[in-house]
J.: 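Let me begin by handing over the structure; questions about it come next.
Hydrogens, waters and symmetry mates play no part in the numbers below; they use all other heavy atoms, side chains included. These numbers come from a predicted model, not from an experiment. Just so we're on the same page: letters track the sequence lines, and every chain starts at 1.
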Amino acid sequence: MSDLHIWTGLLAGWLLYAIFLTGSASYFRAEISSWARPGLPAVSQATDDLAQTAQRLVDAMAAEHAPTAERWGIFLPTGREHPARAFWTDGRMLHRAELDPGTGRKLALPDTQGGEFFYRFHYNLHYLPNLLARCIVGFCAMFMLVAIISGIITHKKIFADFFTFRWGKGQRAWLDAHNGLSVLGLPFHLMITYTGLVTLMLTYMPWGMMASFERPQDQARFLAEVSVWHQPEAADATRAPLAPVSRMVRTAQARWGSHGVDRILVNNPGRANARVVVARADSGRVSESPRVMVFDGSNGRLLETRDPLAPVAETRGVLLALHTGRYADPWLRGLYLLLGLAGAAMVATGLVLWTVKRRSRLPDPSRPHLGFRLVERLNIASIAGLPVAMAAFLWGTRLLPASLPARSDLEVDLFFAVWALMALHAILRPPRRAWVEQLSLGSALLALLPSVNALTSERGLHHSLPAGDWVFAGFDIGMLLLASLLASCALRTARHHSALPAARKARTASGSSRPAGSTTGRAAAPAHPGNGASKRSLDRSGHLDKPGHQNLIQASGRQP
Amino acid sequence: MITIHPMHHIIARPPNPQTHPKMSTPDAAAPVRAKLGRPDQATASSGSAFLMACRHYGPLLSRIIAAILGGYLLAVLASIATLALPIPRTEAVLLGMLLSFLVYAGAAIWVFAVATAWRAWCGLLLAALPMLLAALWCWPLTRQ
């Protein structure tokens with residue numbers, strides 16, 4: 001029986017896996033973006049005076065980029081990213097640019113999404129209206145939250161049924177892996193799921209706001225209050241030059257420290273009623289509450305300081321910071337990445353468990369019904385196919401010709417084209433071959449990324465390591481590690497069938513010995529039918545004592 | 001102590017005559033068909049099959065709706081009910097949003113934790129009542 005419940009879980013699982021994987025990659029969003037554009041100078045620990053830089057950027061905005069805009073936003077360079085990012089609105093048009101902090105000029109760089117794409121994908125998906133996509137993602141997150149909380153209450157039962165999670169009974173290595181990953185990461189999964197919902201709570205739960213503030217302008221004021229935005233007033237007709245921004249930044253630095261400022265927003269620049277909002281940086285504090293100082297742009301007078309905020313707003317700020325990890329140093333973000341990957345692996349092993357459990361119930365395991373085959377193939381396409389597509393995307397960021405129009409869109413199209421190809425491949429090939437081939441392909445694509453980097457830039461490993469260019473060295477080494485992880489998955493899947501008969505013999509003899517060569521790790525995820533799991537699922541339905549079923553379990557192992 | 005029933009009790013499988021002693025009679029749907037005044041034939045008519053399906057999947061469907069829709073409505077109510085708290089309006093709105101996801105999750109767990117679908121709905125309604133009162137009480141305040 002295909003329970004509605006399990007189908008929902010399955011659907012949520014595929015998406016959750018993609019969300020976990022791309023979300024984990026987003027912890028190194030800035031670094032991926034830097035790697036995608038080796039032409040940018042390496043990030044130097046800003047020895048430059050931040051106030052001077054801000055002034056330079058503001059001057060460039062006024063003179064060159066956006067003299068007539070109603071609103072500017074400037075993200076100052078940080079220790080992680082070299083370019084300053086700026087955006088401005090002209091009427092209804094939103095413009096973006098990356099500026100050289102040294103000169104204020106626009107950087108001429110290949111148009112790339114870099115790490116931004118993974119970040120956007122993990123909550124906006126793609127090719128879908130944002131609202132719909134976010135609701136789908138929110139639904140999956142909610143499902144996950146329910147699974148986790150109920151798992152904590154009952155320790156076993158509902159959690160087992162939501163995620164097919166067995167506690168301490170794993171006979172099969174990958175089942176152990178699934179258990180280990182789930183339990184080890186439980187606090188992280190709980191935190192990341194809940195805080196993920198909190199990041200988009202204004203989308204998911206706007207009703208309290210709507211009940212409180214009926215008029216759109218009141219809602220806008222509320223939204224401005226809970227973000228760094230400052231509600232713009234109608235532009236004054238009289239023009240007035242902007243007072244020195246460097247002095248405003250210094251005022252803020254006196255309060256928040258020399259690296260305590262990272263954003264500047266200007267409403268109605270060049271008008272008599274200009275407002276300059278200097279916002280506190282998210283790094284260096286475990287909170288993303290919108291702490292700002294608002295200055296009168298025409299005379300530089302401090303009008304308002306929102307710091308600290310009221311208790312609930314601060315609580316929300318901490319929850320947001322826990323999710324995004326912007327406060328964290330590279331090592332802690334590495335830990336975030338590992339835990340996120342563990343989450344992805346947990347979902348992946350759970351998905352594979354679905355097929356394993358059902359394989360034994362099939363009337364004829366050599367000819368599974370359509371639904372089973374669909375799930376099996378979709379598992380391959382999502383679990384093994386997504387890393388391939390992500391690797392292909394990274395290739396695209398470096399190898400697509402810089403002169404291509406709409407290059408950054410093509411990168412994304414490449415990502416989805418490769419993913420679709422993987423889905424097609426998963427349908428056309430026998431399942432085990434498909435697993436092995438896609439995992440190997442993903443591994444090869446990742447392993448070759450450092451070579452691509454070395455061949456197309458001066459910042460390959462042999463340069464970056466001696467130079468202490470840790471963004472590039474770290475990225476390349478990370479790719480090699482991920483490649484070896486995928487390679488070991490591929491190897492173990494390929495070897496699995498040879499290990500299986502021995503395992504079966506051993507199991508019939510002793511009842512619970514493990515097959516050779518399957519230790520814990522994601523490696524086992526794609527491994528085929530787990531006899532242990534099948535046996536247990538039959539235990540639960542009370543069919544095991546029937547002699548026919550024992551044969552079925554054993555036969556089930558043989559099928560690719 | 002909350003006991004949560006394993007999902008396979010809630011999601012009633014279509015009875016398998018070989019394993020279900022109660023269903024081992026040749027035609028379990030007989031009483032249903034008799035009630036409907038249909039001829040008791042071995043080949044079950046589509047109407048009674050539908051009824052059987054309803055009896056098996058109805059409570060499950062009811063619970064799914066209770067968890068997804070009922071849970072969301074309860075969460076919405078909770079997010080509005082916090083407006084009745086004596087704290088600044090912005091704070092109350094944010095608090096409601098923060099708590100609503102926990103209410104939603106709790107409601108979904110409740111729905112699958114209790115023995116019957118009816119009790120699940122009753123629990124949701126019972127929880128909704130004070131929130132509804134709070135929401136109604138603060139409603140005029142929002143219209144000032």
Side-chain angles (χ1 to χ4, degrees), chain A residues 1 3-6 8-9 138-139 141-162 193-198 201-202 204-214 218 221-222 225-226 309-316 319 537 540-543 546, chain B residues 1-14 16 18-19 56-57 60-61 63-64 67-68 71-73 75-83 87-113 135 138-139 141-143:
Chain A
M1 184 187 73
D3 308 324
L4 245 178
H5 156 77
I6 288 164
T8 332
F139 183 78
M142 208 51 233
F143 204 82
M144 175 108 178
L145 188 66
V146 168
I148 294 173
I149 297 180
S150 57
I152 292 171
I153 295 173
T154 61
H155 290 284
K156 263 189 186 173
K157 297 208 168 164
I158 254 198
F159 200 44
D161 282 315
F162 268 104
T193 311
Y194 177 61
T195 55
L197 287 163
V198 169
M201 68 183 188
L202 291 165
Y204 299 142
M205 282 289 162
W207 315 111
M209 177 187 78
M210 286 180 171
S212 292
F213 311 105
E214 265 187 277
D218 290 339
R221 205 188 57 227
F222 167 79
E225 223 173 303
V226 299
L309 278 67
V312 180
E314 283 296 337
T315 306
R316 170 175 171 251
L319 292 173
S537 70
R540 275 151 50 90
S541 357
H543 293 305
K546 297 201 173 180
Chain B
M1 180 63 196
I2 304 172
T3 44
I4 297 205
H5 302 267
M7 204 60 82
H8 56 87
H9 287 173
I10 293 165
I11 302 166
R13 288 155 189 263
N16 179 349
Q18 270 132 42
T19 54
H56 280 291
Y57 292 104
L60 169 66
L61 203 66
R63 277 189 211 249
I64 289 171
I68 294 176
Y72 186 72
L73 288 178
V76 170
L77 262 183
S79 77
I80 294 176
T82 53
L83 300 180
I87 52 176
R89 183 46 58 95
T90 312
E91 289 281 280
V93 172
L94 287 178
L95 183 67
M97 289 177 179
L98 288 179
L99 292 180
S100 64
F101 301 111
L102 302 178
V103 171
Y104 198 171
I109 292 166
W110 163 262
V111 164
F112 285 100
C138 69
W139 195 253
L141 298 180
T142 67
R143 307 243 160 188

J.: Is B/A75 in contact with chain A via its backbone, its side chain, both, or neither, using a 4.5 Å heavy-atom distance?
T.: both
J.: Side chain, backbone, both or neither: which part of A/L309 has a non-hydrogen atom closer than 4.5 Å to chain B?
T.: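 Interface part for A/L309: neither.
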J.: If you count heavy-atom pairs within less than 4.5 Å of chain B, which of A/R316, A/M209, A/M142 leads?
T.: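 Among the listed options, the one with the most contacts to chain B is A/M142.
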J.: So, the side chain of A/Y194 versus the backbone of B/L102: is there a donor-acceptor pair under 3.5 Å, distance only?
T.: no
J.: How long is the straight-line distance from CE of A/M210 back to CG of A/D218, given to the nearest 0.5 Å?
T.: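 Output value for this atom pair is 13.5 Å.
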J.: Does B/S79 use its side chain to pair, donor to acceptor, with the backbone of B/M97 at less than 3.5 Å?
T.: no
J.: Of the backbone (N, CA, C, O) and the side chain (C-beta and beyond), which part of A/Y204 lies under 4.5 Å from a heavy atom of chain B, both, or neither?
T.: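 Contact with chain B: backbone and side chain both.
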J.: Answer with side chain, backbone, both or neither: which region of A/M201 has an atom nearer than 4.5 Å to a non-hydrogen atom of chain B?
T.: both
J.: Quick check for you: among B/L95, B/I87, B/L98, B/T82, which has the greatest number of heavy-atom pairs under 4.5 Å with chain A?
T.: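 The candidate making the most pairs under 4.5 Å is B/L98.
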J.: Can B/I68 and B/Y104 be said to form a side chain to side chain contact (heavy atoms under 4.5 Å, CB included), step by step?
T.: CA-CA 8 Å; B/I68 294 176; B/Y104 198 171; 4.0 Å; yes
J.: Working to the nearest 0.5 Å, report the span between CZ of B/R89 and CZ of A/F213.
T.: 6.5 Å
